[in-house]
Amino acid sequence: MIPSLIAHARKILIKIGSNTLADREGRINHTFLEEFAAQAAALITSGKQLVIVSSGAQVAGLSTLGKWTRKQDIHYKQALCAVGQVELMGAWAAAFTPHGLHIAQILLTRDDFGDSIRTLNMRNTLFTLVDEGIIPIINENDTVSVEEIKIGDNDTLAAQSAVLWSADLLILFSDIDGLYDKNPKEYPDAEPVREVQDLAQIRTQISIGGTNNFGTGGIATKLDAAQRAVSYGIPMILAHGGRPRALEALAAGTQQGTTFPVQSLR
Ligand code: ADP
């Protein structure tokens, strides 16, 4: 199922969660970025188009400054993201440069998706960048996003961006191998759900646990993202981004994940 979803998709949007981008010490995981960039480059060479939604600004900010870990004040959090976003994009640029690929930064807020002129501009810019072989890397614009106007989690941002760009496939890379009937971090006997047949029904069949260290949305926002994507005819895959050469392994069928096919919305 996963190999055929990837094989049949030309426009792929991949969201990478904070925990996939960070190493154990909470710094940007450069090895992951390099490995991901190599696989992404191969995907592009094979004729596919790629847009990335990248979390990790706060993580990058913390490791760059080495302070403000415990600051709860919103302005400090926003300041951290402002510092970290530069580091994050620098790391992405360094990862893609050896493959002769340029990246572009796109920072969005919830308001941008509610305004038809902004939406059109975003769409046109995305199409132009991708057509020119440049990889757009999207994140929430934390500097201007206070609670009231926040998208709040990058799963939602990824689904909204996938719809905006009319992607063929949405892949969420997390630190988990897919959806389980309960949180596998708390329950070792949790059973994986390999394919979601019915999105509404699955919500009643699984229990939703907490998020991990740097995570924001958890599994609830991933289900919401699937609902949004699938309702626009875009299938979704939830998989572990930190596994060795995860993108290639998924395409080859040697790595498992959870698929949310378009039929899962009944
Ligand atoms: P990310 O930064 O990748 O978006 P999150 O922390 O937001 O990650 O969400 C992933 C986490 O959700 C997993 O690490 C897992 O511990 C937790 N989780 C809670 N309930 C479930 C469930 N039923 N199935 C899978 N993961 C779950």
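In this text, all values refer to a predicted model and were calculated from it rather than measured experimentally. Counting starts at 1 for both ligands and their atoms, in listed order.
The closest approach between Asp175 and ligand 1 falls below 4.0 Å for a heavy atom of the residue. Ligand 1 lies nowhere less than 4.0 angstrom from a heavy atom belonging to Ala190.
For atom 25 (C) of ligand 1, the nearest non-hydrogen atom from the set Thr258, Ile219, Asp177, Asn19 comes from Ile219. Counting only non-hydrogen atoms, the option in Glu191, Lys182, Lys185 that gets closest to atom 14 (O) of ligand 1 is Lys185.
Lys15 has a carboxylate O that lies under 4.0 Å from a charged side-chain N of Asp155, or vice versa, which qualifies the two as a salt bridge. Salt bridge Arg203/Asp224: present, at least one basic N to carboxylate O contact under 4.0 Å. Here Arg118 pairs with Asp112 in a salt bridge; the nearest charged N to carboxylate O distance falls below 4.0 Å.
Considering CD1 of Ile135 and NE2 of His102, their distance stands at 10.5 Å, rounded to 0.5 Å.
Only the side chain of Lys15 comes within contact range of ligand 1, with a heavy atom under 4.0 Å; no backbone atom does. Contacts between Lys222 and ligand 1 below 4.0 angstrom, taking non-hydrogen atoms only, involve the side chain exclusively.
Interface of Gly178 with ligand 1, defined as ligand atoms under 4.0 Å from a residue heavy atom, comprises 25 (C). Below 4.0 Å from some heavy atom of Ser207 lie the following atoms of ligand 1, by number and element: 23 (N). For ligand 1, the atoms sitting less than 4.0 Å from at least one non-hydrogen atom of Ser174 are 1 (P), 3 (O), 8 (O), 10 (C), numbered in the order shown with element in parentheses. Distances below 4.0 Å separate heavy atoms of Ser18 from the following atoms of ligand 1: 2 (O).
Note on Ile237 and Ile16: same hydrophobic cluster, where clusters join Ile, Leu, Val, Met, Phe, Trp and Tyr whose side-chain heavy atoms are under 4.5 Å apart, directly or indirectly.
Some N or O of Asn183 is nearer than 3.5 Å to an N or O of ligand 1, by distance alone. Residue Gly218 places at least one N or O, backbone or side chain, under 3.5 Å from an N or O of ligand 1. For Asp181, no nitrogen or oxygen atom sits less than 3.5 Å from a nitrogen or oxygen atom of ligand 1, counting backbone and side chain alike.
Between Leu43 and Ser46 the shortest heavy-atom distance is O-OG, 2.6 Å.
Under the side chain to side chain contact (heavy atoms under 4.5 Å, CB included) rule, Leu101 has a single partner from Ile134, Leu50, Ile44, which is Ile44.
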Residues Thr156, Asp153; criterion side chain to side chain donor-acceptor pair (under 3.5 Å); working and verdict: CA-CA 6 Å; Thr156 305; Asp153 68 273; 2.9 Å; yes
Test log, rule side chain to side chain donor-acceptor pair (under 3.5 Å), inputs Gln85 and Gln105: CA-CA 9 Å; Gln85 184 64 25; Gln105 170 182 264; 3.0 Å; yes
